[in-house]
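Each residue takes its place number in the sequence, starting with 1.
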Amino acid sequence: MATVDAENPLLGEVTCGTLLHQLQKIWDEVGESDEERDKMLLQIEQECLDVYKRKVDQATKSRAHLLQTLADAKLELTTLLASLGEKAFVGIPEKTSGTIKEQLAAIAPALEQLWKQKDERIKEISDVQAQIQKICGEIAGSNAGNQAVNVDVSDLSLKKLEEFHDQLQELQKEKSDRLHKVLELVSTVHDLCAVLGIDFYSTVTEVHPSLNDATDVQSKSISNDTLARLAKTVVALKEDKKKRLQKLQELATQLIDLWNLMDTSEEEQRLFDHVTCNISASVDELNVPGALAQDLIEQAEVEVERLDKLKSSKMKEIAFKRQGELEEIFARAHVEVDTQAAREKILALIDSGNVEPSELLADMDNQIIKAKEEALSRKEILDKVEKWMSACEEESWLDDYNRDDNRYNASRGAHLNLKRAEKARILVNKIPALVDTLVAKTRAWEEDHQLTFMYDGVPLLAMLDEYAMLRHEREEEKRRLKDQKKVQEQPSIEHESAFGPRISPRPTSTTKKVAGPRANGTPNRRLSLNQNGSRSVNKDGKRDNHKSISPMKHAAIAKEDASSRVSGTEPAPTTP
């Protein structure tokens, strides 16, 4: 068993001694000489020295590499600390003793952490520089923001990062200010385009494509060139707005003058309210969309041309309409004018062409103003004349009512007539005071105007004097009739005192008569002339011998009398 182990040395512990012992046994069996044996042993020793020397060289190189690595690590550590602006680092070992590998093992975590911090710092600075570069490119209007960012790794300190952040904030503020200015200018362009009726999108796109409203706000151009072109566009649009407004206001003034000249209807004028409403507007006040559109101005120009052509043909119609207005004012004021002569004079002036239409209408407008002033000065007196005439009508009705013997019958509407009679009596009692006041005011007016106050061609004072005289005569007539009636009734009173009162049967007829000119809208009796030109009857259906004449009748009589004096003929008798 021992022999087997010796022959197979791998089965046991293999050492240099066992191998040498094994070699000697082999030499003994072979019979090698001592010289050969020494030679081979010397060879073995030389080979062993070479192996040791090689290993020593390798160990030396490995140690030198480790020392260089340690030196590089220390240098890298120092460089990283300097680059990051750190004077000290918590992970750096304070002691530098121990083996090389121990020193490397101790410094490796600090290096790894600093490398990681360096990468993060480079990324942060790179991001900030990229934003700065992008904003600078936007301000410059170039594509510099798309270029790669070069980070200076020699200075990655927090101070440097803060400087970049400060620079970025300033640029962001400048960008915000520029963007606000751009949006403000774009909004101004939009408003101006809306007022002028110009396409906004094409206008701003010509300045820069990014200014279209459909694009993102942050992507709009904020370059110096864009701001300058926007400002130039705004100035041009404002100048165009100013010119168009001046043109529109000139057209509006012409339209109003022509409308006033031609007396155009309000319906036709309302078609151009959008033009005339801005006649006094300033450039800054006018912000209505489409108010200064080119087609609107052209439409106004066409209308002005049309009215200019129509002006000459409508002058007669307009002048006659003014004359009609003048006549209507005089008619309401009860002033008599020669309308035929006035219209013939207007027609002659227009046909002669010696007077400008505007001057003619202006002169007629002045006449209308003076006529209105005269009518206004006469208004108070005319109002009292109306009250006087109305009171006279009530007086005439009251006379008819008092002569109706059936006025107290319980007929339909009798109570209404009774109420009217009460009011009429009150009103009639005021007539003398009303006439006195009217006379005083008329005389004051005549003294103030140095003219005679005419009412439909008749002096009002003459009408009032005649009315007062006729009223006095009528009162005398009433008094005489009343006295005569008392004389006639005296025998009857004496008879009743002697034989008792006479009983007369009450009428049993079911037919009811209403006091007044009409019952149920149909005539119920023959009429006779009363104060207001109507007719009255007595209970027997006969005309009253007593006649009263209205103020209007006085006017007609006086007017006829005046005309007869002029012609030298006697006035025709008035028909009662």
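Two residues are said to be in side-chain contact when any heavy atoms from C-beta on lie closer than 4.5 Å; Arg443 and Leu460 fail this criterion. In this structure, Trp445 and His449 have side chains that are in contact, with non-hydrogen atoms separated by less than 4.5 Å. Proximity of Trp259 to Glu268: side-chain heavy atoms (C-beta onward) are nowhere separated by under 4.5 Å. The closest side-chain heavy-atom distance from Leu230 to Leu211 is below 4.5 Å. With contacts defined as side-chain heavy-atom distances shorter than 4.5 Å, the pair Ile297/Arg244 qualifies. A heavy-atom distance below 4.5 Å is not found between the side chains of Asp191 and Asn287. Residues Asp456 and Glu336 form no side-chain contact, since every pair of their non-hydrogen atoms from C-beta on lies 4.5 Å or further apart. In this structure the side chain of Leu470 never reaches within 4.5 angstrom of the side chain of His472, judged on heavy atoms.
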* **Test log, rule salt bridge (charged side-chain N to carboxylate O under 4.0 Å, His left out), inputs Lys242 and Glu239** => CA-CA 5 Å; Lys242 181 179 179 181; Glu239 184 64 26; 5.3 Å; no
* Yes or no on salt bridge (charged side-chain N to carboxylate O under 4.0 Å, His left out) for Arg332 and Glu328, after CA distance, side-chain angles and deciding distance? -> CA-CA 6 Å; Arg332 286 198 300 266; Glu328 184 180 354; 2.8 Å; yes
* To do: Just do the salt bridge (charged side-chain N to carboxylate O under 4.0 Å, His left out) check on Glu466 and Arg471 with the steps written out, would you?
  => CA-CA 8 Å; Glu466 185 176 355; Arg471 182 180 177 86; over 6 Å; no
* Taking it one step at a time, do Glu303 and Arg306 satisfy salt bridge (charged side-chain N to carboxylate O under 4.0 Å, His left out)? -> CA-CA 5 Å; Glu303 181 65 12; Arg306 185 185 72 84; 2.7 Å; yes
* To do: Test side-chain hydrogen bond (donor to acceptor under 3.5 Å, both in side chains) on Asp273 and Gln269 and set out the steps.
  => CA-CA 7 Å; Asp273 282 347; Gln269 294 183 25; over 6 Å; no
* Test log, rule side chain to side chain contact (heavy atoms under 4.5 Å, CB included), inputs Tyr201 and Cys193 -> CA-CA 9 Å; Tyr201 296 107; Cys193 289; over 6 Å; no
* From CA spacing to verdict: side chain to side chain contact (heavy atoms under 4.5 Å, CB included), Tyr455, Ile381 -> CA-CA 10 Å; Tyr455 188 90; Ile381 296 177; over 6 Å; no
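Screening Val288, Leu248, Leu296 for a side chain to side chain contact (heavy atoms under 4.5 Å, CB included) involving His274 leaves a single residue, Leu296. The only member of Val195, Ile198, Thr188 that meets side chain to side chain contact (heavy atoms under 4.5 Å, CB included) when paired with Leu237 is Ile198.
Ser210 contributes a side-chain N or O that, together with a main-chain N or O of Ser221, makes up a donor-acceptor pair within less than 3.5 Å. Checking side-chain atoms of Ser396 against main-chain N and O of Cys392 turns up no donor-acceptor pair under 3.5 Å. A donor-acceptor pair under 3.5 Å links the side-chain atoms of Glu285 to the main chain of Ser282, judged by distance alone.
Annotation: cation-pi geometry not satisfied between Arg420 and Tyr401 (NZ/CZ under 6.0 angstrom from ring centroid, within 45° of ring axis).
Heavy atoms only, all atoms of each residue included: Ala424 and Glu394 are closest at CB-OE1, 3.8 Å. The two residues Asn278 and Leu245 come nearest to each other via the heavy atoms O-CD1, 4.2 Å.
Note that CD of Gln249 and CG of Leu255 are 13.0 Å apart. Values are rounded to the nearest 0.5 Å. With values rounded to the nearest 0.5 angstrom, Leu251 atom CG is found 12.0 Å from Thr276 atom OG1. How far NZ of Lys181 is from CG of Leu183: 11.5 Å, rounded to the nearest 0.5 Å.
For the residue pair Glu344 / Gln340, a side-chain donor-acceptor distance below 3.5 Å is found, with atom types taken as modelled. When only modelled atom types and interatomic distance are considered, Glu327 and Gln323 share a side-chain donor-acceptor pair under 3.5 Å. Looking at Asp363 and Gln367, their side chains do bring a donor and an acceptor atom within 3.5 Å of each other.
Summarising the local packing, NZ of Lys175 is surrounded by more than 12 heavy atoms from other residues, nucleotides or ligands at distances under 6.0 Å. Counted within 6.0 Å of NE2 on His180, heavy atoms from surrounding residues, nucleotides or ligands total 12 or fewer; the atom is thus considered open. For Glu266, the CD atom is loosely surrounded, since the number of other residues' heavy atoms within 6.0 Å does not exceed 12.
Using a cutoff of 4.0 Å between basic side-chain nitrogens and carboxylate oxygens, Glu476 and Arg479 are scored as salt-bridged.
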